[in-house]
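First the structure, in the form of structure tokens, and then the observations on it.
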Amino acid sequence: MKDYLNGLNPAQHEAVVNTKGPALVIAGAGSGKTRVLTFRIAHLLNNGTRPSEILALTFTNKAAKEMKARIAEIVGSDVAKYLWMGTFHSVFARILRSESEKTGFPSNFTIYDSADSKNLLKSIIKELQLDSAVYKPNQILGKISSAKNDLISAESYKTNNHFITRDRNSKQPETGRIYQIYTQRCKKNSAMDFDDLLLNTNILFRDHLDVLDKYQKRYKYLLVDEYQDTNYSQYLIIKKLAALHHNVCVVGDDAQSIYAFRGAKIENIFNFRTDYPEHKLFKLEQNYRSTQNIVNAANSVIAKNNKQIQKNVFSEKHEGELIDVYEAYTDAEEGYIVANKITDMRMAQQFHYKDFAILYRTNAQSRVFEESLRKKNIPYRIFGGLSFYQRKEIKDILAYCRIVVNPNDNEALKRVINYPKRGIGASSIAKIEAHANHTGQSMWQIVKDFEKIVDIKSSGRLLKPLAQFRQLVLDFVIKNQEINASEIVQIIVKDTGMLKDLYVDKSPEGISRYENLQELTNAVQEFVSDFDALEGSPILENYLQNVALLSDQDKKSEENDYVSLMTIHSSKGLEFKNVFLVGVEEELFPSQMSVHSAHELEEERRLFYVAVTRAEENLIISCAKSRFRWGQVSSPKPSRFINEIDAQYLDWHVGTTSKNFDKKPREYRGNKELKSKQKLPNSQRKLSPISNVQNTSSSSAFKTSTLTNLKTGDIVEHQKFGEGKVIEINIDGNSVVAIVDFKNVGQKQLLLKFAKLKIIKK
DNA sequence: CCGGTGTGGATTTTT
DNA sequence: TCCACACCGG
């Protein structure tokens, strides 16, 4: 029981046993941060602290779960289960539910995910008759979100000069009004978005000192993981809760703060020392994860940042291999190199597939690697992207569940009032919504008594479908009172007809949707059987409370052997023997200070640092000199960050290294004239015909199926170049190119398959 | 109302 | 490329 302290190094040991007073633990990458946190909690428990007096906040649900499991191993699960441990969002959602009399929200409030928020904003913007091209829902959502994270209410937003001028400059002067209506609408729907969970907690603690007092007393020890990624709202919650006991331990690494885009303030970790002058500082500097080369290389990059807490991260592992850098000609070749390398390394060094990860900046980059891996029959799994809970079929089921629990949830109602199709079209939905907003009722209240609405009654056509929908929901509500979450979900998928709908659909997508539906019912079943009596009963209400805050990462991964593909962001906290950091081009890892402010650049550098420090043994960085993106060819340069790594740690492989690579770079295919330019140095290389096309509309009217119909000799019309004659057509795998002689252009043009063409004469 | 088709726009990153 | 949306005809 006590021997957990033996395996710690001196710095870790200090950070574990000094449990009194504020503590700042700076934990370099791979320095055993989770160990320290878990042992610190275990140490508290072993020294007489009750588990319910400890509040530990993590960044993801997964981290919380894992940590709880590890603590349970030390102190036993009967103790560990009473710990308050979870993400900010889940813990404070729970508190907001139990303090519902004080919040103005019912305890069964719905949590809107970003899609719900966006939809709500969209309809508000439409209602206000504003142009949704100017008031882009995503942008507005971003503004509202950052305001909330800075604890700025709609009212103060509207009168704040800074925001007024900013919104005027961005031609969105009505943002404040939208914010206000959005807030009202959420309240009416009994819904909170992600930011509201934190904002309303702050409001609760501000306006109800008795409540604050209660939680201050309850939580004698606070621990916060990933402190560098907390926002102002979270910071303030911690500060208030810690005000009584001052036993607040924050753990983090300023070099890994990569969430500024969603409001994270790296300053929080810098300012901890001034916030708590009596704090103790612990630096975990030994990296147990990576080879010396990788650690040194990572250090050499992050050293270029100005804002940081000085530390000296070192490794005592073997020196290790140099970092390979590959500059491929094309994205396809980059994929090929990576897949080949995985096969080679696996054979030569007995690695498993699960020892490999491919990390990229954006989800869209995964496709090329998927293709190359599939070609070589390498098993892989993509993390992130469209998460399970964001899939249409899943959201539809959950929307029904949400209505059952909270009928005022308009967003859920709008989602399924006509799904499956029952003849309630967009205009009818708009009519109901307008009625609801007029009378200050929820849409469900209108639907419930739709016979009273003259407008609906007179048209007649809606009567039957509305009655049917109402009956369906009412049935669910009644049944739900007696049965558990799993049973009601079964009834919902069956009675709505969704189960049959998806079962009948035998297209690949239909099958996968059916499987997803099965997976969801399994998940609910699991929720029911795993349910701990401590947390109430396994009813739908309780299931829903978790589900909005879940993400794909929280789904347990099977034991299988596969290569992992994910964004750098989602790789944080993970480690792999071999890491491929791909697509490292300046388009995605910007290098121009003129475009990006200094602190944005520093954040990008930290992101790069995070990626590099995921690797234990081998790191391979790659980029492509020509990339096919959004239907167009671009010629990106390697990111500056590669050059910021000290050259002594690098091993460069420029150009094609794979002799077997049979595909020529994409932009040269099938065109003799261009082929000769291949040898030109990068700076002088011109892709003139293609770049001309780039300037035209990027519409993809010219579909592949149509394109294959194109023949040499056809007369076509191009939006920009006018009428012309096809003189050569080249179809090769998925790349299709036509050379066209345009009447009025005086130059033959090379058109890619996405060029906009109308066939005039065959 | 609904489904098909054409069109235009968009891309970080996640609780 | 994919997705959302507008438009049209049944």
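Letters go in sequence order (proteins before strands), and every chain restarts at 1. Computation of the quantities below employed the complete heavy-atom set of this structure, encompassing side-chain atoms and omitting hydrogens, waters and symmetry-equivalent molecules.
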Counting side-chain heavy atoms from C-beta on, which of [options] comes nearest to [X]?
| X | options | answer |
| --- | --- | --- |
| K421(A) | dG3(B), dT15(B), dC1(B) | dG3(B) |
| R461(A) | dT15(B), dC1(B), dT14(B) | dC1(B) |
| S427(A) | dC1(B), dT15(B), dT14(B) | dC1(B) |

Distance, rounded to the nearest Å, where [X] contributes [atom1] and [N] contributes [atom2]:
| X | N | atom1 | atom2 | result |
| --- | --- | --- | --- | --- |
| D131(A) | dC5(C) | CG | P | 13 Å |
| Y259(A) | dT15(B) | OH | C1' | 9 Å |
| L581(A) | dT13(B) | CG | P | 15 Å |
| R422(A) | dC2(B) | CZ | P | 11 Å |
| L199(A) | dT15(B) | CG | P | 20 Å |
| F261(A) | dT15(B) | CZ | C1' | 10 Å |
| K572(A) | dT13(B) | NZ | C1' | 11 Å |
| K148(A) | dT15(B) | NZ | P | 18 Å |

Could you tell me whether K122(A) contacts a base, only the sugar-phosphate backbone, or nothing, with contacts defined as non-hydrogen atoms closer than 4.0 Å? sugar-phosphate
At 4.0 Å (heavy atoms only), tell me whether F88(A) reaches a base, stays on the sugar-phosphate, or touches nothing.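 No contact.
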N/O (side chain, [X]) to phosphate O (OP1/OP2, [N]) under 4.0 Å:
| X | N | value |
| --- | --- | --- |
| N363(A) | dT13(B) | yes |
| K136(A) | dA10(B) | yes |
| S570(A) | dT13(B) | no |
| T60(A) | dT15(B) | no |
| N418(A) | dC2(B) | yes |
| T567(A) | dT14(B) | yes |

Nearest-angstrom distance, C1' atom, dT13(B) to dA4(C):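 Approximately 22 Å lies between the C1' atom of dT13(B) and that of dA4(C).
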Using distance alone, with no hydrogens and no angle criterion, decide if [X] and [Y] have a side-chain donor and acceptor under 3.5 Å apart.
| X | Y | result |
| --- | --- | --- |
| Y112(A) | N189(A) | yes |
| T230(A) | N268(A) | yes |
| N119(A) | E411(A) | no |
| Y380(A) | E370(A) | yes |
| Q129(A) | E127(A) | no |

Check against ring-ring contact (aromatic ring centres under 6.0 Å, His included), Y259(A) and F59(A): CA-CA 11 Å; Y259(A) 283 97; F59(A) 191 65; 4.9 Å; yes
When S428(A) and F59(A) are each assigned the nearest nucleotide of DNA chain B, the 5'-most assignment goes to S428(A)
